[in-house]
Amino acid sequence: MDTVRTRFAPSPTGFMHLGNLRSGLYAYLQAKHNDGVFILRIEDTDQARYVEGAVDVIYRILKDIGLDWDEGPDIGGDFGPYVQSERKSMYLPYAEELVKKGKAYYCFCTKEELEERKAEAEKEGKVWKYDKRCASIPYEEAKKRVEAGEPYVIRQNVPETGEASFDDVLYGHIQVNCADLEDMILIKADGMPTYNFANVIDDHTMGITHVMRGNEYLASTPKYNLLYEAFGWEKPVYIHLSQIMKDAHRKLSKRYGDAYYEDFLAKGYLKEAILNYVALLGWNPGDEREFFTLPELVEAFSIEGLSKSPAIFDNDKLNWMNGEYIRRLSPEDFTSHARPFYAAAGIGHMDESILCRILQQRLQYFGEIPAMVDFLTQLPDYDAELFTNKKSKTNPEVAREVLGMVIPFLESLPDWAENTVHDALMNLAAEKGLKNGTLLWPVRIALAGKQVTPGGAIEIALLLGREESMKRLRAGREKLA
RNA sequence: GGCCCCGUGGUCAAGCGGUUAAGACAUCGCCCUUUCACGGCGGUAACAGGAGUUCGAUUCUCCUCGGGGUCACCA
């Protein structure tokens with residue numbers, strides 16, 4: 001069997017859309033699972049959309065998550081160049097070959113003329129499709145006009161009758177009537193190929209065996225196949241991928257936020273978790289496993305497991321999965337990921353091992369840290385009713401007594417070490433015949449001023465330090481006086 | 001609107017003619033407990049609808065409905 005060659009062909013927009021990332025992942029997995037070659041190609045035929053530095057963004061993200069390519073713009077390969085704008089001169093001869101074969105033609109209609117005719121058609125309630133006006137210009141005449149420097153584009157000459165079709169591994173045989181197809185532009189007035197044309201030429205000349213791309217191309221692929229047939233080229237295996245949706249109606253997109261890989265990284269999601277979650281959106285391994293490293297995905301991947309229907313991106317499930325990944329981190333790794341968020345929360349000076357202990361079990365993503373620990377830097381203005389808790393058998397009166405005995409007791413401690421504080425409080429509760437909760441609830445409330453906190457009274461006391469803790473306990477007692 | 005695709009719980013998703021229709025997330029309840037979280041146990045919840053094929057349809061076919069995609073000198 002021939003070597004499997006797949007490609008990921010993003011446009012340099014400056015961002016990595018998750019749907020795009022998933023397409024790249026699947027292309028990578030398909031190649032690697034079959035000991036094949038994964039190629040990175042940059043599709044920058046739209047000069048108007050050129051974004052400075054966007055290609056580097058693509059490199060950086062792919063490298064970061066481990067989708068290493070075997071051939072690409074930066075590392076070369078036998079089928080280069082791998083940037084479409086650098087291949088510009090390759091496309092025209094192919095298009096001209098098609099013109100000679102009658103499968104394409106020069107078109108001199110200007111954008112303005114087209115607009116006009118389109119508007120007219122719409123006024124009559126008709127659906128506009130290019131009217132093939134220039135298809136009837138004799139080749140010699142067209143050639144002369146081209147040589148005279150008249151601006152032109154090259155259009156595919158789609159038959160007016162018959163069918164165009166292709167076979168997709170997932171979706172099966174897709175067939176459309178040629179009459180419904182427009183004579184799409186192959187070469188633009190600026191000499192650049194359109195995506196439609198560049199893709200066919202590049203996939204063929206780069207020896208791509210499996211074309212994996214979003215299924216927004218499903219409807220136009222029959223047109224591409226017409227091109228393959230016109231050239232007499234062997235067609236690749238087509239695998240169109242289902243869409244990732246924001247909800248039942250909307251695609252995941254910038255407009256609705258959270259469409260980009262970078263957004264999730266910035267919020268403190270782990271790249272391994274994002275990749276894992278995205279891999280499972282639209283693909284299942286055929287068993288019950290849910291956690292995969294990239295090598296495990298390579299091992300398990302099969303196009304059989306790909307699903308045809310669109311998948312709604314479920315942030316809740318990503319949160320859960322990311323939380324699982326966070327819990328599996330070593331304390332050192334946890335801390336190094338958390339540190340920037342500690343700084344943002346103003347708790348960079350606090351005991352990292354205690355922070356790790358109280359936060360690692362609670363976080364779904366690191367960005368939750370500041371809101372979760374806000375009370376550490378600033379005691380909230382809380383209501384005395386917070387001291388009421390049925391299960392712990394406390395209320396403001398009980399709390400007043402408890403704080404009354406706890407404060408002098410803590411003041412007398414020799415130091416503020418964890419076991420000192422812990423043992424002292426536990427012994428005090430036992431000595432007074434109180435439930436642990438009855439003693440600790442008021443202490444925690446006074447320390448945090450919040451009903452729900454990560455960590456318990458003792459951990460909070462340690463994080464705050466002796467001085468601040470005593471200050472807050474006294475303030476709590478004042479409140480109850 | 002034309003054409004193309006899709007349709008199992010709220011979400012992801014097994015199933016590929018005969019199942020008590022898995023599992024995960026979410027949700028609810030209980031347990032654990034120093035609040036919350038983590039963890040453990042359990043519950044609620046689905047084959048879009050209608051014809052047909054068949055001894056038997058979630059599974060095959062058709063129609064309806066619902067949703068999406070596409071109709072650019074964007075990809």
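Everything numeric here is computed off the predicted structure, so don't read it as measured data. In what follows, chains are A, B, ... by sequence order, proteins preceding strands, each numbered from 1.
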Inset, instruction - Among residues two or more places apart or on two chains, list those pairs meeting ring-ring contact (aromatic ring centres under 6.0 Å, His included) that have a residue in residues 151-190 of chain A. - result: A:Y106-A:Y152, A:F166-A:Y238, A:F166-A:H240
Inset, instruction - Look at all strands and tell whether A:T13 reaches a base, only sugar-phosphate, or nothing, counting heavy atoms closer than 4.0 Å. - result: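 Contact class for A:T13: none.
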Inset, instruction - Answer with base, sugar-phosphate or nothing: what part of the nucleic acid does A:E324 contact at a heavy-atom distance below 4.0 Å? - result: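 Sugar-phosphate: the residue A:E324, judged by heavy atoms under 4.0 Å, touches backbone atoms but no base.
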Inset, instruction - Assign a letter to each nucleotide of nucleotides 62-75 of chain B from its 5' end: B, base within under 4.0 Å of a protein heavy atom; S, sugar-phosphate only; -, no contact. - result: -----SSSS-SBBB
Legend entry - Protein proximity profile, nucleotides 32-37 of chain B - base contact B, sugar-phosphate-only contact S, no contact -, cut-off 4.0 Å on heavy atoms: -BBBBS
Inset, instruction - Could you tell me whether A:E52 atom CD has more than 12 heavy atoms of other residues or ligands within 6.0 Å of it? - result: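 It does not: A:E52 CD has 12 such atoms or fewer within range.
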Legend entry - Charged tip of A:R328 within 45° of A:F291 ring normal and under 6.0 Å: yes
Inset, instruction - Could you tell me how the ring of A:F366 sits relative to the ring of A:H337: parallel (under 30°), tilted (30 to 60°) or perpendicular (over 60°)? - result: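 If you compare the ring of A:F366 with that of A:H337, the planes turn out parallel.
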Legend entry - Closest to side chain of A:Y171, choosing from B:rC25, B:rA13, B:rC5: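 Nucleotide nearest to A:Y171's side chain: B:rC5.
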Give the rounded distance in Å between these two atoms: [atom1] of [X] and [atom2] of [N].
X: A:D316; N: B:rC28; atom1: CG; atom2: P; answer: 12 Å
X: A:Y277; N: B:rA26; atom1: OH; atom2: P; answer: 12 Å
X: A:R22; N: B:rC12; atom1: CZ; atom2: C1'; answer: 12 Å
X: A:F334; N: B:rC38; atom1: CZ; atom2: P; answer: 14 Å
X: A:L306; N: B:rA13; atom1: CG; atom2: P; answer: 10 Å
X: A:L318; N: B:rC25; atom1: CG; atom2: P; answer: 14 Å

Inset, instruction - Decide if the gap between the ring center of A:F301 and the ring center of A:F292 is smaller than 6.0 angstrom. - result: no
Inset, instruction - Would you confirm whether the ring centroid of A:Y277 sits within less than 6.0 angstrom of the ring centroid of A:F313? - result: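 Distance test on ring centres: under 6.0 Å, yes.
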Legend entry - Among A:Y82, A:Y59, A:F8, ring pair (Phe, Tyr, Trp, His ring centres under 6.0 Å) partner for A:W69: A:Y59
Legend entry - Distance in Å, A:Q451 CD paired with A:F375 CZ, rounded so as to fall on 0.5 Å steps: 13.5 Å
Inset, instruction - Answer yes when A:K118 and A:E113 have at least one side-chain N-carboxylate O distance shorter than 4.0 Å, and no when they do not. - result: no
Inset, instruction - Give a yes or no on whether a donor-acceptor pair under 3.5 Å exists between the nucleobase atoms of B:rA24, that is its base, and the side chain of A:K317. - result: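 Indeed there is one.
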Legend entry - Counterpart base for B:rA45, defined by Watson-Crick or G-U wobble contacts under 3.5 Å: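 Pairing partner, where one exists within any strand: none, as none qualifies.
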Inset, instruction - Name the pairing partner of B:rG2, where a pair is Watson-Crick or G-U wobble with both distances under 3.5 Å, or state none. - result: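 Pair assignment: B:rG2 / B:rU70.
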